[in-house]
Every structure is written in structure tokens, then in C-alpha cells.
2 protein chains.
Amino acid sequence: MDKSVRETSLAGRLKTACAQCSLRELCLPVGLNQDEVARLDRLVGARRKVLRQQPLYRAGDPFEALYAIRVGFFKTDVLNEDGRNQVTGFQMAGEILGMDGISSEMHSCNAIALEDSEVCVIPFDQLESLGRDIGALQHNLHQVLSREIVRDHGVMMLLGTMRAEERLAAFLLNISQRFTVRGFSHAEFHLRMTREEIGCYLGLKLETVSRAFSKFQDEKLISVQQRRIRILDSAGLKKALERRSG
Amino acid sequence: MDKSVRETSLAGRLKTACAQCSLRELCLPVGLNQDEVARLDRLVGARRKVLRQQPLYRAGDPFEALYAIRVGFFKTDVLNEDGRNQVTGFQMAGEILGMDGISSEMHSCNAIALEDSEVCVIPFDQLESLGRDIGALQHNLHQVLSREIVRDHGVMMLLGTMRAEERLAAFLLNISQRFTVRGFSHAEFHLRMTREEIGCYLGLKLETVSRAFSKFQDEKLISVQQRRIRILDSAGLKKALERRSG
DNA sequence: CGTATCCTTGATTCGCTTCAACATTAGTGG
DNA sequence: CCACTAATGTTGAAGCGAATCAAGGATACG
């Protein structure tokens with residue numbers, strides 16, 4: 001009992017407890033009461049720092065935990081036998097990494113930090129165990145997993161049906177929207193990834209991505225200075241998303 | 001107590017109980033003991049028949065249950081505002097449908113039967129509840145959700161990096177493999193979907209799909225008679241999957 | 001037997017990739 | 001601090017693969 005008190009105060013000292021975390025409402029604790037958050041907190045044993053360009057985990061690593069991003073920016077990608085590479089997503093603070101590993105006890109993709117980052121390590125067997133006690137936590141986990149499935153469907157739509165410029169517009173609006181939710185400017189941000197990584201996500205070559213950026217700039221939809229992006233005409237970008245031909 | 005006996009015998013009469021189901025090992029009951037399977041069985045209230053071309057659910061429908069396919073064949077697709085359509089998957093017996101609905105209490109895609117089908121209806125709140133009692137069931141659910149995420153990554157790889165013929169080869173090998181697991185011939189099967197639906201899944205136009213079929217037939221990799229497919233050279237098909245250029 | 005749906009094949013067009021050259025920025029060591 | 005180098009980004013020209021447009025053939029169904 002006083003062990004729990006000690007741990008809570010330790011967490012408080014590090015300012016890393018879920019209860020104090022600004023990302024609480026985006027993350028697993030959403031909707032839990034104070035006591036439940038405290039129990040989740042005790043479970044989140046360690047925070048882990050991951051330096052830029054370093055992997056949080058790699059395909060083939062044994063699956064042990066989910067990771068909640070506290071600060072930073074990641075990409076996930078899959079590599080197949082013949083060297084093909086596909087970026088499956090870019091993840092920012094408050095989002096959960098590692099769900100690919102649950103099905104086979106082994107990670108099937110790589111998670112690479114695109115800037116110096118920090119994650120909360122959530123041992124999965126303990127999370128399942130606590131989920132059996134706390135229905136709301138269990139349901140949150142299910143929602144996080146399902147949300148990822150729905151997001152993936154959106155990426156399939158993008159890759160399967162959209163033109164290059166439509167893909168980039170969708171990408172920019174998505175990034176912008178997610179920054180907004182996190183309290184950052186929706187109009188100005190800097191991309192953490194290279195043109196090649198964007199292309200690899202959007203199913204395009206880096207030259208095509210670069211051309212699309214230039215086109216949008218010519219059309220005064222955005223201004224681009226390397227990775228510094230300013231959205232000048234968000235309605236125009238949304239229009240660029242719409243299918244041109246009938 | 002005798003209520004459970006009565007229900008078990010009822011289930012036995014209908015030959016639809018999980019315990020008797022040939023798909024047990026592919027489905028949610030995998031790894032559960034007899035008693036646990038019986039409890040899951042009691043939860044699976046109704047079986048539901050879905051006629052060819054009819055929806056099991058539609059985007060926007062309230063989410064209430066997951067569905068385990070007993071017999072039949074489905075496609076799932078998403079439709080966006082400007083009329084674009086993307087088939088996100090084809091599902092066969094033993095696979096689970098409906099996971100897209102968990103995140104928002106509402107389905108985000110359509111599930112359409114491609115032949116007369118039957119599903120087990122698994123009310124989701126009850127499944128969560130039983131999962132809190134039966135750790136193995138809870139874990140199975142998590143694995144099913146994660147497997148879907150990993151599958152989606154494979155589709156992204158396909159859509160993002162592969163050429164038309166590579167996509168079709170991957171598709172055929174995937175279908176073949178899943179039929180094999182279910183005890184059907186890996187070499188001969190008939191497709192339940194049109195060329196257009198295949199194209200819509202693979203991010204190609206139906207003419208391109210048709211041409212790729214013809215090409216494979218010319219190369220003696222497969223024989224095609226409408227939807228009747230015979231794989232003549234599975235190793236050759238796997239080769240067609242490999243990137244041609246360096 | 002007639003009609004609608006689905007499929008195949010050919011010719012042409014278009015969008016993205018490929019190849020290439022160069023510009024810019026970031027990082028490193030003298 | 002600057003020179004040097006590697007990494008990243010931009011832009012142009014040519015080539016190629018899939019889409020589009022079009023016509024005809026096969027199959028299923030009432």
C-alpha cells in the first residue's frame with residue numbers, strides 16, 4: 001500500500017504521470033476516473049528516450065509492450081523480402097505504437113524516431129490484465145486498435161484511388177489537423193520527414209512529391225521552405241483533394 | 001444450470017455451436033478450454049444469413065457486434081465524399097468482420113456478401129464482458145484486431161510499391177493460401193468477385209486486371225475461365241511478385 | 001431467346017517514374 | 001569561421017505503365 005504511494009510520488013517528481021500528462025485526453029487514460037488512472041500509471045513502468053533516427057523497435061523484435069508517445073515524432077515502415085519499403089504511418093505525441101506486434105508476439109514493422117522522442121512503455125500483458133479489472137481501459141484499448149484499422153482504410157483509399165496531388169493534399173490536411181488537436185498552429189508547422197519518406201508513405205517518388213509541393217506553392221495554397229510548411233488556403237487544399245475528372 | 005444444458009443441446013441440434021464448428025481453430029475460440037468455449041457459445045446469440053449482394057452492415061450503421069463468417073464470402077469497402085470507392089478486403093469463412101466499428105460506435109465501411117452467407121453475431125459489449133472473465137478470449141480478440149492491422153500494412157505495401165501484375169500475383173497467392181488453410185484446393189478455385197471489385201481492391205482499373213489475367217495465362221502461370229482460376233505454376237507466380245527492375 | 005452484366009482486347013492518352021543536372025542545407029573537421 | 005562533403009531538395013526531358021476510350025465477345029438470367 002505505501003509502495004503505491006511511493007511510486008505515485010516518484011511519478012509526480014518526474015512529472016510523467018498520466019494524471020498530469022497533457023496528452024491524457026488523447027491517450028489510453030481517456031475517460032478513466034482518478035483511481036483508475038493511478039492504477040494505469042503504476043503499470044507504465046518506464047519512460048524511454050529514443051534519439052532521432054533510432055528505432056523504438058524493429059521488425060522481428062519480440063513484442064512486449066505498447067508505447068505511448070510523450071514527446072516526439074515517429075514513422076513506422078514495413079520492408080519486404082525483395083527490398084520494397086512502405087511507410088505505414090507517421091505518429092505524433094499522444095498516439096500509440098506497437099500494435100502490430102500483438103498478433104504474432106513479434107513486431108512486423110519498424111518504428112523509427114524522426115526527432116528526439118520519449119515514450120511511455122506499457123507492458124502488454126499487464127495492460128491486458130488491468131483491462132480485465134477496468135472495463136473502461138479495456139474498451140479504450142479496443143478503440144485504439146479499431147481506430148488504427150479505420151486509419152489504415154483511409155490510407156488504402158489514398159493509395160488506391162488518388163492522384164499525386166490529391167495524396168499530398170490529404171497528407172498535409174491530415175498532419176495539420178493532428179497538430180491542431182495538439183494545440184499547435186494548423187497553418188504553420190515543420191515536417192519531420194524527408195520528401196522521400198513522404199513519397200514512401202504516399203506511394204510516390206520523391207521527385208513527384210517535390211513537384212506537387214511546388215505546384216501547390218505556385219497556386220498559392222501553401223508556402224514551402226524545405227520542411228517549413230505554411231498553409232495559406234486550407235479551403236483550396238481541400239478542393240485539391242476532390243477528384244478532378246467526373 | 002440446466003438452462004445451460006438446454007442451450008447446449010439446442011446449439012447441438014442446430015450444429016452451429018463453436019465447439020462443433022470446423023472453423024473453431026481459425027476463429028475466436030482458438031485455445032479456449034471446453035467450458036470457456038461453452039460460455040462463448042452462449043454469447044453468440046444468433047446466426048444471421050446474408051444473401052448475395054446484400055449488406056451485413058453499411059457505413060453509418062450503429063456498431064453492435066462483431067461477425068464471424070460461418071459460410072460464405074464478403075467484401076468490405078469504404079466510400080468517400082466525392083464518390084471514390086476502395087475495397088479494403090475480401091473475407092472468407094472463419095474470419096471476423098465489423099472491427100472498424102469499435103472506434104466510433106458506428107461502422108465506417110460496408111460489408112457486402114459476395115455469395116449467400118451466414119455469420120455468427122457476437123454482441124460486442126458482451127464479448128468485452130466475457131473477455132474480462134476469460135483472459136484467453138480477451139487475448140484472442142486482441143490478436144484478431146492486431147492481425148487486421150498487419151494485414152492492412154500488407155495491402156499498403158501492395159498499393160504503394162507494386163506494379164499491376166505484381167499486385168495480381170500477390171492477390172492470387174493470398175487467396176490461394178487462405179483457401180488452402182480452409183482445406184480447399186490451393187490450385188483451383190473460383191473467385192467470388194468481379195474484375196472490377198478486384199481492381200478496386202488492387203488500385204487498378206478492371207481492364208488492367210483483365211490484361212494481367214491474360215498475361216499470366218499466356219505465360220502458363222495460371223489458367224483462367226472467367227472466375228474459375230487454376231494455378232499452374234505457383235513458383236512462377238511467386239517470381240512474378242518479385243520486383244523486376246533493380 | 002433476348003437482354004443485362006461481365007469480360008477481353010486494341011488504340012490512344014496521360015501521369016508518374018526515371019534519368020540527369022544542379023541548388024540548397026546541414027554537418028564535419030581543419 | 002570557413003572549406004568541404006554528404007544529404008536533401010528542385011527542376012527539366014524522355015520513357016513507360018496504367019488509364020481511358022472504344023468495340024466486340026462470353027455468360028448468366030428471366
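For the numbers below, each heavy atom of this structure counts, side chains included, while hydrogens, waters and symmetry mates do not.
Considering only heavy atoms from C-beta on, A:Y57 stays 4.5 Å or farther from A:N110 through its side chain. Side-chain contact between A:Y201 and A:T88: absent, with no pair of heavy atoms (C-beta onward) separated by less than 4.5 Å.
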Atom pairs under 3.5 Å: protein N/O with N/O of nucleotides 12-17 of chain C:
{"from": "C:dC16", "atom 1": "OP1", "to": "A:A164", "atom 2": "N", "distance (Å)": "2.7"}
{"from": "C:dT17", "atom 1": "OP1", "to": "A:K205", "atom 2": "N", "distance (Å)": "3.4"}
{"from": "C:dT17", "atom 1": "OP2", "to": "A:K205", "atom 2": "N", "distance (Å)": "3.3"}
{"from": "C:dT17", "atom 1": "OP2", "to": "A:T208", "atom 2": "OG1", "distance (Å)": "2.3"}

Polar atom pairs between nucleotides 23-30 of chain D and protein, under 3.5 Å, N or O only, would you list them?
none

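To the nearest angstrom, C1' of D:dG9 lies 12 Å from CD1 of A:I229. A:R228 places its CZ atom 17 Å from the C1' atom of D:dG9, with the value rounded to the nearest Å. Regarding B:L168, its CG atom lies at a distance of 11 Å from the P atom of C:dT8, rounded to whole Å. Separating the CZ atom of A:R227 from the P atom of D:dT10 is a distance of 10 Å, rounded to the nearest angstrom. A:F213 places its CZ atom 12 Å from the C1' atom of D:dT10, with the value rounded to the nearest Å. D:dT10 atom C1' lies 16 Å from atom CZ of A:F216, rounded to whole Å. In this structure, A:L191 places its CG atom 16 Å from P of C:dT25, rounding to the nearest Å. Atom C1' of nucleotide D:dA6 and atom CD of A:E196 are separated by 15 Å, given to the nearest angstrom.
Computed from C1' positions of five pairs at each end, the angle between the two local axes of the helix from C:dC1-D:dG30 to C:dG30-D:dC1 equals 50°, rounded to 10 degrees.
Ring pair B:F63/B:F124: centre-to-centre distance below 6.0 Å.
In summary, B:K215 and B:E219 engage in a salt bridge, as defined by a charged side-chain N under 4.0 Å from a carboxylate O. A salt bridge links A:R151 with A:E148: at least one charged nitrogen is closer than 4.0 Å to a carboxylate oxygen. Of the charged side-chain nitrogens involved, at least one lies within less than 4.0 Å of a carboxylate oxygen, so that B:E188 and B:R230 count as a salt-bridged pair.
In this structure B:D61 satisfies the side-chain hydrogen bond (donor to acceptor under 3.5 Å, both in side chains) test with no other residue, sequence neighbours excluded. With sequence neighbours left out, A:R228 forms a salt bridge (charged side-chain N to carboxylate O under 4.0 Å, His left out) with no residue at all.
A side-chain hydrogen bond (donor to acceptor under 3.5 Å, both in side chains) with B:R178 is found for exactly one of B:H186, B:Q91, B:E95, namely B:E95.
Within 4.0 Å (heavy atoms only), A:T194 reaches sugar-phosphate atoms of the nucleic acid but no base atom.
Legend: salt bridge (charged side-chain N to carboxylate O under 4.0 Å, His left out) pairs involving residues 100-115 of chain B, not counting sequence neighbours, sorted by first then second residue: B:E115-B:R192.
Although no hydrogens or angles enter the test, the distance criterion places no donor-acceptor pair under 3.5 Å between the side chain of A:R52 and the main chain of A:D116.
Of the side-chain N and O atoms in B:S210, none sit less than 4.0 angstrom from OP1 or OP2 of C:dT9.
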